[in-house]
Amino acid sequence: MLDIQIIRENPQMINEAANNKKNPIDIDSIINLDNEKRDIIREVEKLKNQRNVSSQKIAVLKKQKQDASKLIEEMKSVSDTIKNMDLQLAQKEQQIHEHLIRIPNIPHKSVPHGESEKDNAVVYEWGDAREFSFEPKDHLEIGTALGIIDFPRGAKITGAGFPVYKGAGALLERALINFMLDTHSGNGYTEIFPPFLVNRASLFGTGQLPKSEDQMYYINEDDLFCIPTAEVPVTNLMREEMIDFVDLPLKFCAYSACFRREAGSYGKDTKGFLRVHQFNKVELVKIVLPEESYEELELLRKDAESILKLLGLKYRVLMLCDADLSFAAAKCYDLEAWAPAEQKYLEVSSCSNFEDFQARRMNIRFRPQGKEKPRFVHTLNGSGLATARILAALLENYQTEQGTVLIPEVLQPYMHGIKEIGPR
RNA sequence: GGAGGGGUGGCCGAGUUGGCUUAAGGCACAGGUUUGCUAAACCUGCGUAGGGGCAACCUUACCGGAGGUUCGAAUCCUCUCCCCUCCGCCA
């Protein structure tokens, strides 16, 4: 959510930014409603002042045992008028709110302008593509042959896009999660194990609601949603709180299962792990001082990248152009791991700075040093990383001609020393 | 699921016969006095969010949330959310 005052002062700039983000808004309605609202405020406040003054007079009269009935009569009609105007005011405010919550965050100045994801800029590349002396198989084929992933049975017990991990596959998944959590918590991130169901207020806070309600699994009876990412519960840890500036930055890492309906994306990336309804992810969340958020974004990106480097996976980093930025983000880097059989990069992480967009929605503030007023914090998050696509990249990159899969050294301690996954 | 208790400003904590409480007091914080330095003591200031004003400042709202009664509500009424204790059920 943006500050209405900024919108009031820069309507053209906001309108253009929203258009660039492919998220058009009705700026004129907002400005008009805002003006109407302020007109009402000015009038009703005069009446309320009159009411307060008269109530005091009535109190004094009554104390002196004098008659106050005339004044009380007068105030009855004033009170009615106030009640009416308050109603109008609430309506205006509700209408403004409905607009405000649908205005996307403004892209940072460093974000390139573009028309689509094709205009995202490659800002960094690491690692060499592995040379194969044989025709590499895709991860689905490898995993199925080794009996470590089972999509058909997942489909049987739940539905398409709910993979089952078996044996060494289950162990590898757990190893990845533990490895990532250990790495990040050793790096100053406090580990959180969050609830996987959240309420509406939390999803509104991080910006998934109201825009993306149809993308989430919903439990009607309790009005709760399955989390699409640990970002939601972890960032909302600090919702409605005032943080002392000496405690900033806050750094959290959290494992969670992630649930996504992926409505409207059928037919895209359907193979294997490329797009599933439930996957595992370790998420990084930072709550920081506004002045430091862009520096912290670079550090966050570096921390996420370190996992790919330790796993020895070739990857690249994209800076998203404005047209591809998500609703709440001001700037975002995508990390993409190379999958040799797919012959394409798989998005395994998104590292975003939301500036105060989420903080305003969640009312997370900090009290600066001295006599300064409380201000909104900046929030950031990034996957560190999503295991489903990492698993795909691992299987494809570390496959052997015999159909086995080598385990990267850093994961071996997490896999009882297993160096290679072979046939059962 | 049943019974009881409670939600007040950054924190702690008064305030339930409605009206000099548009929230006492304390802590923390900021400035100052005293002091060789630190500490302590003392003095002063200090809630949040709107609206108006160049500014000093004026004004409105806010005591978990939403309604209601009233000239006037932290205080009375209704609904609702959350927390705590005990009982029941259960991994």
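What you see is a predicted model, and the numbers here were worked out from it, not measured in a lab. We name chains A, B, ... by the order of the sequence lines, and we start the count at 1 in each one. The figures here come from the full heavy-atom set of this structure, side chains too, leaving out hydrogens, waters and symmetry mates.
Of the candidate nucleotides B:rU59, B:rA49, B:rG52, B:rG52 has the atom nearest to the side chain of A:Arg38. Comparing B:rA49, B:rG52, B:rC71 against the side chain of A:Arg365 picks out B:rA49 as the nearest. Nearest nucleotide to the A:Lys373 side chain, out of B:rA49, B:rU69, B:rU59: B:rA49. Side chain of A:Arg51, nearest nucleotide from B:rU59, B:rU48, B:rA61: B:rA61. Distance from the side chain of A:Ile58 is smallest for B:rG19 among the nucleotides B:rG19, B:rU48, B:rU59. For A:Ser79, taking side-chain heavy atoms from C-beta onward, the closest of the listed nucleotides B:rG19, B:rU48, B:rG72 is B:rG72. Listed nucleotides B:rG19, B:rG51, B:rU59 differ in distance to A:Arg8; the shortest reach to its side chain belongs to B:rG51.
Between A:Lys83 atom NZ and B:rA61 atom C1' there is a gap of 16 Å when expressed in whole angstrom units. Rounded to whole Å, the distance from CD on A:Gln56 to C1' on B:rA73 is 13 Å. What separates NZ of A:Lys92 from P of B:rA61 is a distance of 22 Å, to the nearest Å. Distance, A:Lys46 NZ to B:rA61 P: 16 Å, rounded to whole Å. Look at CG on A:Asp223: it is 15 Å from C1' on B:rG65, rounded to the nearest Å. Across the protein-nucleic acid pair, A:Lys48 atom NZ and B:rA73 atom C1' stand 14 Å apart, rounded to whole Å. Separating the CG atom of A:Asn49 from the C1' atom of B:rU22 is a distance of 11 Å, rounded to the nearest angstrom. As a whole-Å value, the separation of A:Ile82 CD1 from B:rU59 C1' is 13 Å.
Taking the C1' atoms as reference points, B:rC79 lies 32 Å from B:rA24, given to the whole Å. Comparing the C1' positions of B:rA73 and B:rG68 gives a spacing of 11 Å, expressed to the nearest Å. Taking atom C1' in both B:rC29 and B:rG9, the straight-line distance is 14 Å, to the nearest Å. Here, B:rG25 and B:rC20 have their P atoms 16 Å apart, quoted to the whole Å. Rounded to whole Å, the separation between the P atoms of B:rC37 and B:rG53 comes to 49 Å. When the P atom is compared between B:rC54 and B:rU38, the two are found 44 Å apart, to the nearest whole Å. Comparing B:rU75 with B:rG15, their C1' atoms are spaced 9 Å from each other, to the whole Å. The separation of B:rU78 from B:rG1, taken at their C1' atoms, amounts to 24 Å, rounded to a whole angstrom.
Across the interface with RNA chain B, nearest-nucleotide mapping of A:Met75 and A:Asp34 shows A:Asp34 to be the residue nearer the 5′ end. Positionally, the nearest nucleotide of RNA chain B for A:Gln5 lies more toward the 5' end than for the other of A:Val44 and A:Gln5.
Surrounding CD of A:Gln369 are at most 12 heavy atoms belonging to other residues, nucleotides or ligands under 6.0 Å away. Sparse packing is recorded around NZ of A:Lys419, with 12 or fewer heavy atoms of other residues, nucleotides or ligands lying under 6.0 Å away. More than 12 heavy atoms of other shown residues, nucleotides or ligands fall within 6.0 angstrom of atom CD in A:Glu241. A 6.0 Å sphere centred on CZ of A:Arg153 holds no more than 12 heavy atoms belonging to other residues, nucleotides or ligands.
The phosphate of B:rG52 has OP1 or OP2 within less than 4.0 Å of a side-chain N or O from A:Arg42. Considering only side-chain N and O atoms, A:Asn52 lies under 4.0 angstrom from the phosphate OP1 or OP2 of B:rU60.
Between A:Asp39 and A:Lys92, none of the side-chain N atoms (NZ, or NE/NH1/NH2) sits under 4.0 Å from a carboxylate O, so this pair counts as no salt bridge.
Using modelled atom types and a 3.5 Å distance limit, the side chains of A:Glu98 and A:Gln94 yield a donor-acceptor pair. Between the side chains of A:Asn178 and A:Tyr255, no donor-acceptor pair of N or O atoms lies under 3.5 Å.
The partner of B:rG88, taking Watson-Crick or G-U wobble pairs whose two distances both stay under 3.5 Å, does not exist in any strand shown. Taking a pair to require two hydrogen-bonding distances under 3.5 Å in either a Watson-Crick or a G-U wobble arrangement, B:rG36 remains unpaired. Of all nucleotides present, none satisfies the Watson-Crick or G-U wobble test against B:rA56 with each distance under 3.5 Å. In this structure, B:rC27 and B:rG10 make a Watson-Crick or G-U wobble pair, each of the two defining distances being under 3.5 angstrom. With both pairing distances under 3.5 Å, B:rU21 is matched to nothing as a Watson-Crick or G-U wobble pair. B:rC76 and B:rG68 make up a base pair, with Watson-Crick or G-U wobble contacts both under 3.5 Å. When both distances must be under 3.5 Å, the Watson-Crick or G-U wobble mate of B:rC62 is B:rG47.
Listed here is the closest heavy atom pair of A:Lys137 and A:Ile142: O-CD1, 3.4 Å.
At a threshold of 4.0 angstrom between heavy atoms, the contacts of A:Asp244 with the nucleic acid are absent.
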